[in-house]
*Asks:* 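Could you have a look at this structure, given as structure tokens, before my questions?
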There are 2 protein chains.
Amino acid sequence: MPTIRDVAQHAGVAPSTVSYVFNGSRPISEETRRRVQEAVDALGYHPRASARTLRSSRTHVIALALPRPAGRRNAVDGPFAIAVSDAAVRLGYDLLLTTSQDKAEGLRRVALSGLADAAVLMAVDMEDARIDVVRELAFPAALIGRPADEDALPWTDLDWEEAAALAVRELAAAGHREMVYLAPTEEEVAGRRSYALRGIAGAARGARGTGATVTVAHAVDDPAEVARRLRGLLVERADGGARERPTALIVQHPSAHHHILTSMTDAGLRTPEDLTVVVIGAVPGDLSGRRLPRVELPVETLAGEVTRLAVTAATALRENTAGDAEAGPRLLADTVGHLLIAPALLPGDTPLTAPRA
Amino acid sequence: MPTIRDVAQHAGVAPSTVSYVFNGSRPISEETRRRVQEAVDALGYHPRASARTLRSSRTHVIALALPRPAGRRNAVDGPFAIAVSDAAVRLGYDLLLTTSQDKAEGLRRVALSGLADAAVLMAVDMEDARIDVVRELAFPAALIGRPADEDALPWTDLDWEEAAALAVRELAAAGHREMVYLAPTEEEVAGRRSYALRGIAGAARGARGTGATVTVAHAVDDPAEVARRLRGLLVERADGGARERPTALIVQHPSAHHHILTSMTDAGLRTPEDLTVVVIGAVPGDLSGRRLPRVELPVETLAGEVTRLAVTAATALRENTAGDAEAGPRLLADTVGHLLIAPALLPGDTPLTAPRA
DNA sequence: AGGGGGCATCGAATCGATTCGACGAACCGA
DNA sequence: TCGGTTCGTCGAATCGATTCGATGCCCCCT
């Protein structure tokens, strides 16, 4: 494998000159540039990433920290990982995928061994151990998901609260009085997953002042069990009919999106005849069955923005901490900012209007 | 950030001694080992990956080459990527995710710049440009998917042909005479995707000698269109009833798995009353609706094996080419071997037996 | 004619680990 | 007591780039 010395020799210049040709940090004459380029082509030269990194302490790699709570499979992790990778490539970075059972361990190792310039943190909890890790190490990072402490690090997220509120408001405006909010699983709520708590809060907020009532139920991964819960809420009516029968269902759990129609069929319910169904957080292009009204999760947008935020943080840290050891943590704290994506309620094949009175 | 020199100084030994403590390549006294360990803990030392790599030319990174044909979203890519990452971590490697529109470009860059020790290639076509790239560069690689040239590189795959044949045979044995094989999309067949071609071939093979007839139809991503095709094949009967009505449906397209039940509902078909449905290549735990009889795609197994193959190839190449420049390509050609996973037909909630005569 | 200032390039130091040859000490057998 | 091992450690070279100070050259202005 040829090195920069070989190229220099072949072109009749010094190695440093070849380096300048590559990264343009000093002026180079057109003639020299051409000769170097010829040598590069002739020898098939490609710079060794490790040498480059060792000297310049830049890796051109972004780490994606993907926590993997044992056994759980998440429908959105994969698309997100791929979208972040695409975004990174567009910005001239490669992506290192860090999955570890222990949420913080892999991330700490990657940061300490200098494998990446910045990190993107997925599936953020309200209080997330990884946030403490990157702050302690003064490692540039950006989050997909809105943490409780909004000023700790740059982040971007869909405005889940407004998404849920929007769905409730629109359904109320269309005449629904009783709705069911099928929220993420109880485990996710107990784990203080940001999007789960905010979605539920938004549903309550959206109902306020409309006169509509929203009952929160929790999803499970098993379609049959979802069907059973739906039946309990919508058909058998535990309260014996003291309240009106719900006419709208809002589904936030990603794994339930896939099979909600099947679960409804199992429960003996049809849409839109018996129930208007709105999906929140649908992965674009991933909707099973008929196109339901929905708020999509803007995967590409979020991935693009979070990657940009991470790169910006890395750049800011590199440029502003030269010679100032204290600047790092301070900088990460108030750098770069946040981006909350406003939800849009997309129409489906079925209307929002309430089923017959 | 402390370096190996700082640790050496703190422990009162030479840097080389610290290195030996870390990677155990020479005997170290218990006393020295303890002192070094203390210094490491006291200073919070962690070796810099780039320096390590530069000197030893080992990265402890595996690249995952994930081709992204523009616009197509694949339900299995994400789970595979995550599973390969898990497997890599278990073997002491990190995973670099390489997605590029142009299938070979990212891979070539990663190999040439020495970012990884080996590559795992996903979504392999029968003839795949990336195979030529890694062979040309003598870069250790293993494939998920069975290429036409089986001896070019190590690979592992589900035996799709046998999976389809198995499903057909079992259905025939249960009394079905006419079946529909809902295969991957026409684009995938035209692109010579390995699993698509082999599945279709297997369906034909499985029918041989059983007296059963298998009609191949192609899936599409749009559930409504799938419903229309099912109706054409199973209800409206283009041939005007010259043949018996199909009683079994085998679904191989991963995106159709999600919504096959909804599509059937739309087509006015029920299972098992009207039609026995078998799914091939289901992602474990991802089945929507009732648990249909199925051959699962052993994602964890395949990911684990392909990672092992890639690491083995890297090790073999490193150990056997010392001083022998010609050995590389030759070694990759006949090293390590293949692993074809035998399919298992898992029972669902519904039996395989034919609907009423 | 002489001095000042850019421009283009060179040479050498440097990043932080690994690895190999050498060397002192301890131990063994003859 | 002496030569030969073995064990544990050291020192120095090395991997392949980047980066900075120095330098030569040409041009322009006074």
Side-chain angles (χ1 to χ4, degrees), chain A residues 1-37 39-40 43-61 109 111-117 318-319 322-323, chain B residues 1-37 39-40 43-61 109 111-117 318-319 322-323:
Chain A
M1 281 257 151
T3 74
I4 202 172
R5 305 182 72 97
D6 300 324
V7 175
Q9 206 156 27
H10 192 279
V13 299
S16 48
T17 303
V18 177
S19 178
Y20 295 136
V21 169
F22 259 76
N23 51 46
S25 47
R26 284 204 185 173
I28 290 289
S29 73
E30 200 44 54
E31 160 68 9
T32 303
R33 185 183 308 278
R34 193 185 49 72
R35 291 237 307 288
V36 168
Q37 190 56 54
V40 166
L43 301 176
Y45 168 75
H46 201 100
R48 220 75 86 253
S50 55
R52 202 193 266 264
T53 296
L54 174 59
R55 183 60 234 248
S56 65
S57 58
R58 297 200 51 190
T59 63
H60 294 276
V61 168
R109 196 174 44 75
L112 285 174
S113 61
L115 276 167
D117 291 335
R318 181 155 22 86
E319 289 179 354
Chain B
M1 280 257 150
T3 72
I4 201 171
R5 305 182 72 97
D6 300 323
V7 175
Q9 206 155 26
H10 192 280
V13 299
S16 48
T17 304
V18 178
S19 177
Y20 295 137
V21 169
F22 259 76
N23 51 46
S25 47
R26 282 202 186 175
I28 290 288
S29 74
E30 199 45 55
E31 159 69 7
T32 303
R33 184 184 307 279
R34 193 184 49 70
R35 291 236 309 287
V36 168
Q37 189 56 54
V40 165
L43 301 176
Y45 168 75
H46 200 101
R48 220 74 86 254
S50 57
R52 203 192 265 264
T53 297
L54 175 60
R55 184 59 235 247
S56 65
S57 57
R58 297 199 51 191
T59 62
H60 295 276
V61 168
R109 196 174 44 75
L112 284 174
S113 61
L115 277 167
D117 291 335
R318 183 157 19 87
E319 289 178 354

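Computed from a predicted structure; not experimentally measured. Each chain gets a letter, A, B and so on, in the order the sequences are listed, and its residues count up from 1.
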*Asks:* Could you tell me how far apart B/Ile28 (CD1) and C/dT19 (C1') are, to the nearest whole angstrom?
*Replies:* 13 Å
*Asks:* With a 4.0 Å cut-off on heavy atoms, is A/Val18 in touch with a base, just the backbone sugar-phosphate, or nothing at all?
*Replies:* nothing
*Asks:* A/Met1 versus B/Leu112: any side-chain heavy-atom pair under 4.5 Å?
*Replies:* yes
*Asks:* On DNA chain D, compare the nucleotides closest to A/Ser50 and B/Glu30; which residue's is nearer the 5' end?
*Replies:* B/Glu30
*Asks:* Of the options C/dA17, D/dC10, D/dT18, whose atoms approach the side-chain atoms of B/Thr17 most closely?
*Replies:* D/dC10
*Asks:* Checking only heavy atoms, does the side chain of A/Ser16 share a donor-acceptor pair with the base of C/dG11 at less than 3.5 Å?
*Replies:* yes
*Asks:* In whole angstrom, give the distance that lies between atom CG of A/Leu54 and atom C1' of C/dC15.
*Replies:* 4 Å
*Asks:* Write down the atom of A/Ala11, the atom of A/Val36, and the distance for their closest heavy-atom approach.
*Replies:* CB-CA, 4.0 Å
*Asks:* Give B/Gly12 one of three labels, base, sugar-phosphate or nothing, depending on what nucleic acid heavy atoms sit under 4.0 Å from its own.
*Replies:* sugar-phosphate
*Asks:* Tell me: CG of A/Leu112 to P of C/dG16, nearest whole Å?
*Replies:* 14 Å
*Asks:* Check whether the side chain of A/Arg26 and the base of D/dG21 form a donor-acceptor pair under 3.5 Å.
*Replies:* yes
*Asks:* Between A/Glu30 and A/Arg34, is there a salt bridge with N-O shorter than 4.0 Å?
*Replies:* no
*Asks:* Checking all strands, does B/Ser19 fall into the base, sugar-phosphate, or nothing category for heavy-atom contacts under 4.0 angstrom?
*Replies:* base
*Asks:* With a 3.5 Å cut-off and just heavy-atom distances, do the side chain of B/Arg55 and the base of D/dT14 make a donor-acceptor pair?
*Replies:* yes
*Asks:* In whole Å, I'd like the distance from the CD atom of A/Glu31 to the P atom of C/dA8.
*Replies:* 13 Å
*Asks:* Expressed as a whole number of angstroms, how long is the span from B/Arg48:CZ to C/dA17:C1'?
*Replies:* 9 Å
*Asks:* How about A/Leu43 and A/Val7: do any of their side-chain heavy atoms sit closer than 4.5 Å?
*Replies:* yes
*Asks:* Spell out, as yes or no, whether a donor-acceptor pair under 3.5 Å connects the side chain of A/Asp117 to the backbone of A/Thr59.
*Replies:* yes
*Asks:* Distance check needed: D/dT19 P versus A/Arg318 CZ, whole Å only.
*Replies:* 10 Å
*Asks:* Counting heavy atoms from C-beta on, name the nucleotide in D/dG8, D/dG11, C/dG11 closest to the side chain of B/Ala14.
*Replies:* D/dG11
*Asks:* Whole Å only: how far is the CZ atom of B/Arg5 from the C1' atom of D/dA12?
*Replies:* 11 Å
*Asks:* Select from B/Ser25 and B/Ala51 the residue whose nearest nucleotide in DNA chain C is closer to the 5' end of that strand.
*Replies:* B/Ala51
*Asks:* Give a yes/no on whether any side-chain N or O of A/Thr3 is located under 4.0 angstrom from OP1 or OP2 of D/dC15.
*Replies:* no
*Asks:* How many whole angstroms separate atom CG of B/Asn23 from atom C1' of D/dT9?
*Replies:* 15 Å
